[in-house]
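Report on one structure; see the data block that follows.
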Amino acid sequence: MSDRIWFVDDTPSKRFPLYNRGNIGEVFPVVVSPLTWTLYGGQAELGWRDAWKKFGVLRDRDFGTEPMGILGCFGGYGYLNASYIRVFAVRTPGLTVEDMDHQFFGESEAPPYAARPGDRDLLASLRVVRRILATLSTKALPALEEDKRRVAAWLHTLPAAGDAPDDSLLAALRSFKAEFRHLFGRHILMTFQTSVARGLLAQICEQKLRDPTLTNRLLGGIGEVESAAPSFAMWELSRLDAGTPEFDTRFPSFLAELGSRGPNEWEGSSETWGTQPELALAAIDCMRAADDGRSPRVHQDQLAREREAAMVLARSRLGAGARFQFDRALRSATLFSQARERSKTTVVRALHGARLVERELASRARDRGGPTDLADMWLVSEAELPGYVRAPAEFTSRLDERRQLRDRLAALVPPFVFEGTPPPPETWPRRDAPVETAKAGATLSGIPGCPDVARGRARVVTDPLDPRGLAPGDVLVAPITDPAWTPLFVAAEAVVVDVGAELSHAIIVARELGIPAVVSVTGATRSIPEGALLEVDGTAGEVRVLEA
């Protein structure tokens, strides 16, 4: 008998049994669709393994015979294997398990690390040292531009949607799997090179400069962060009146360039700014009430000046040897922070090309008697897709059953951490269960995102299509934020997020936009009352309720 809850669930690793929702919750915040997971879940696993082998930290024998180990779908939700990531820390000189947990998972109830036979590997550690030295000496990453060209070439090969036979569209999706593995592997390699560079910089700031808050100031307003680009573009559009000839000319250009972005943008069934422009218009409308002084460009310039001053002061307090380390670490952390977001943007752009092919197939299935809602097609697996497109009526009962289960799982909060086997859904709390409301005087703790302190009224937003009148003077309180949410940051005084970690995209973009932010504030969207007066300390990682 299968222990699967969702029919595309994976089998938990026996050797590496600890799983965590941190970080991957930004990528897959809701129940992952069967079509997306069967098309790309296994390729993401392979790409991650490719990256770690290039980094030198793991070898084929570490993965054993388990088809999925680093990633997994359990109860319909995506998880990262925290045990594997802890082994990465153990084998990386200068990193600790605590450092890695903090960067990837934020605040969680994960059990302490327990050493296992084989976790330490001297040869792997030596290879990692070589990769770290290469990371710290890197000055440019031309491979990222090559990946952009590679994606543009692949998009150019896609068959014209209206004219292509079904088999050509299905073949295009199959051809993308190898591309996705390559692109995702690059993104993971950039992520872990960011991790070690940032980790070294943080150690210097904490141990030699005695200022653990300095790291975020040194990485604020660095420029060329592609996940922040939509906010800058939307700001310029918000300065134009909707319906004017200039707006009507520039908005389609915006969609052509950035239409791949949107909430839950890694999930093929989700709408993006390109497929549902109202999502982008809602964010632009939020910015309209803001005065010109809130321009993200103004914030970025201010952060750049503060970063430069902090860098000069830090260097003046270090001896020659430590200053050399500091310079290398800062340059590398800056370069790879930019690279990580650039590599993600490239993956998302390619995924959107695949999404448009999938939507064409879903539209054809609808015309042949399938469900009206195009998103229902993503309830089938890759293996079932050709049959569904050909004769969708044969899948009616199957889809009804899966839709009901998806909705039941979506109404529950999956465990943030589990070890061994995920607990049954009957034990998961409901999303609409009452919680204790934060009272005046309460202090909620999280992870510092972007330095500075701001006050404002809480605006709890759970759907970026409905920002609920978010305006200057408000604090955006959100469950989780991928880069598609971040244009809403511009309209807010500060940002508070339920989950997240030091490597979360919310933090990276908040730093770039200069918006005080605290992430990993567990249950913030449910415990903070709408309209409560908050003080958000993005330096200390605290949210104080001044009035409830």
Side-chain angles (χ1 to χ4, degrees), residues 13 15-16 23-24 27 40-71 80-95 99-100 103-104 118-151 154 176-200 328-329 331-348 350 503:
S13 171
R15 181 183 172 194
F16 297 102
N23 199 266
I24 197 173
V27 179
Y40 308 126
Q43 299 304 311
E45 172 81 17
L46 293 173
W48 199 309
R49 294 184 184 194
D50 293 340
W52 272 6
K53 285 187 283 187
K54 287 180 182 177
F55 202 95
V57 74
L58 289 177
R59 290 182 275 179
D60 285 328
R61 72 182 190 187
D62 289 308
F63 300 109
T65 59
E66 295 173 332
M68 298 288 286
I70 301 170
L71 298 164
L80 281 183
N81 191 309
S83 299
Y84 267 113
I85 291 175
R86 286 175 166 185
V87 169
F88 183 101
V90 168
R91 294 183 182 180
T92 301
L95 272 185
D99 290 336
M100 214 61 169
Q103 287 194 51
F104 276 84
D119 281 4
R120 294 192 178 277
D121 186 314
L122 179 59
L123 183 58
S125 294
L126 292 173
R127 289 198 303 269
V128 168
V129 168
R130 184 171 59 187
R131 173 60 67 171
I132 291 173
L133 293 175
T135 297
L136 295 175
S137 63
T138 299
K139 297 180 180 179
L141 293 163
L144 298 183
E145 294 305 314
E146 175 56 34
D147 280 350
K148 284 187 175 183
R149 291 189 290 271
R150 179 171 176 160
V151 167
W154 179 78
F176 179 59
K177 294 172 70 172
E179 291 297 314
F180 180 80
R181 173 179 177 172
H182 165 79
L183 295 169
F184 189 75
R186 180 88 71 195
H187 176 58
I188 294 303
L189 185 59
M190 296 299 102
T191 295
F192 281 89
Q193 290 186 272
T194 304
S195 176
V196 296
R198 190 191 186 285
L200 178 57
R328 287 288 187 94
R331 183 186 69 190
S332 185
T334 300
L335 175 66
F336 282 97
S337 291
Q338 295 164 333
R340 179 174 184 247
E341 298 307 292
R342 189 173 305 137
S343 65
K344 181 178 191 258
T345 299
T346 302
V347 180
V348 169
L503 284 180

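The structure displayed is predicted, hence computed values, not measured ones.
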- Determine, stepwise, if the pair Thr92 / Phe88 fulfils side-chain contact (heavy atoms from CB on, under 4.5 Å). CA-CA 6 Å; Thr92 301; Phe88 183 101; 3.5 Å; yes
Within a strict 4.5 Å, meaning less than it, do heavy atoms of the [X] and [Y] side chains meet?
{"X": "Tyr84", "Y": "Leu58", "result": "yes"}
{"X": "Leu141", "Y": "Met190", "result": "yes"}
{"X": "Arg340", "Y": "Lys344", "result": "no"}
{"X": "Thr346", "Y": "Leu144", "result": "no"}
{"X": "Val128", "Y": "Phe192", "result": "no"}
{"X": "Asn81", "Y": "Leu71", "result": "no"}

Of the non-hydrogen atoms in [X] and [Y], which two are nearest, and what is the gap between them?
{"X": "Ala140", "Y": "Leu335", "value": "N-CD2, 4.1 Å"}
{"X": "Pro93", "Y": "Val129", "value": "CG-CG2, 3.6 Å"}
{"X": "His187", "Y": "Ser343", "value": "ND1-OG, 2.9 Å"}
{"X": "Ser13", "Y": "Glu66", "value": "OG-OE1, 2.8 Å"}

[atom1]/[X] to [atom2]/[Y] distance, rounded to the nearest 0.5 angstrom?
{"X": "Trp154", "Y": "His182", "atom1": "CH2", "atom2": "NE2", "value": "13.5 Å"}
{"X": "Thr334", "Y": "Gln338", "atom1": "OG1", "atom2": "CD", "value": "6.5 Å"}
{"X": "Ile70", "Y": "Ile85", "atom1": "CD1", "atom2": "CD1", "value": "8.0 Å"}

- Item | salt bridge (Lys or Arg N to Asp or Glu O under 4.0 Å) partners of residues 181-198, not counting sequence neighbours, each pair once |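 Applying salt bridge (Lys or Arg N to Asp or Glu O under 4.0 Å) to every pair that reaches into residues 181-198, excluding sequence neighbours, yields Asp50-Arg181, Asp147-Arg186, Arg198-Glu502.
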- Query: Pairs in or reaching into residues 51-65: which pass side chain to side chain donor-acceptor pair (under 3.5 Å), with residues at least two apart or in two chains?
  - Reply: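 For residues 51-65, and leaving out neighbouring residues, the side chain to side chain donor-acceptor pair (under 3.5 Å) pairs sorted by first residue read Lys53-Asp60, Arg59-Asp121, Arg61-Asp121, Asp62-Arg91.
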- Query: If you look only at pairs with a residue in residues 128-143, which of them pass as a side chain to side chain donor-acceptor pair (under 3.5 Å), with sequence neighbours excluded?
  - Reply: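 Pairs touching residues 128-143 that pass the test: Thr135-Gln193.
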- Message: Show, in sequence, the C-alpha distance, side-chain angles and deciding distance for Ser195 and Phe104, and conclude whether the side-chain contact (heavy atoms from CB on, under 4.5 Å) test is met.
- Response: CA-CA 9 Å; Ser195 176; Phe104 276 84; 4.2 Å; yes
- When the aromatic ring centroids of Phe180 and Tyr40 are compared, is their separation below 6.0 Å?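 Yes.
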- Do Phe184 and Gln43 pass the side-chain contact (heavy atoms from CB on, under 4.5 Å) test, and can you show the C-alpha distance, the side-chain angles, and the key distance before you say yes or no? CA-CA 8 Å; Phe184 189 75; Gln43 299 304 311; over 6 Å; no
- Message: Quick test of your reading of the model: are Glu146 and Arg150 salt-bridged, counting only N-O distances below 4.0 Å?
- Response: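 Not counted as a salt bridge, because no side-chain N and carboxylate O are separated by less than 4.0 Å.
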- Are Leu95 and Met100 close enough, and set up right, to give a side-chain contact (heavy atoms from CB on, under 4.5 Å), and what steps lead you there? CA-CA 7 Å; Leu95 272 185; Met100 214 61 169; 3.8 Å; yes
- Query: Under 3.5 Å, side chain of Ser332 to main-chain N/O of Ala329, donor-acceptor pair present?
  - Reply: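 Absent.
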- Backbone N/O of Val151 and side chain of Glu179: donor-acceptor pair under 3.5 Å: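 Pair absent, no side-chain N/O of Glu179 close to backbone of Val151.
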- Query: With Phe336, which of Thr194, Thr191, Leu189 fulfils side chain to side chain contact (heavy atoms under 4.5 Å, CB included)?
  - Reply: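 Considering Thr194, Thr191, Leu189, a side chain to side chain contact (heavy atoms under 4.5 Å, CB included) with Phe336 is found only for Thr194.
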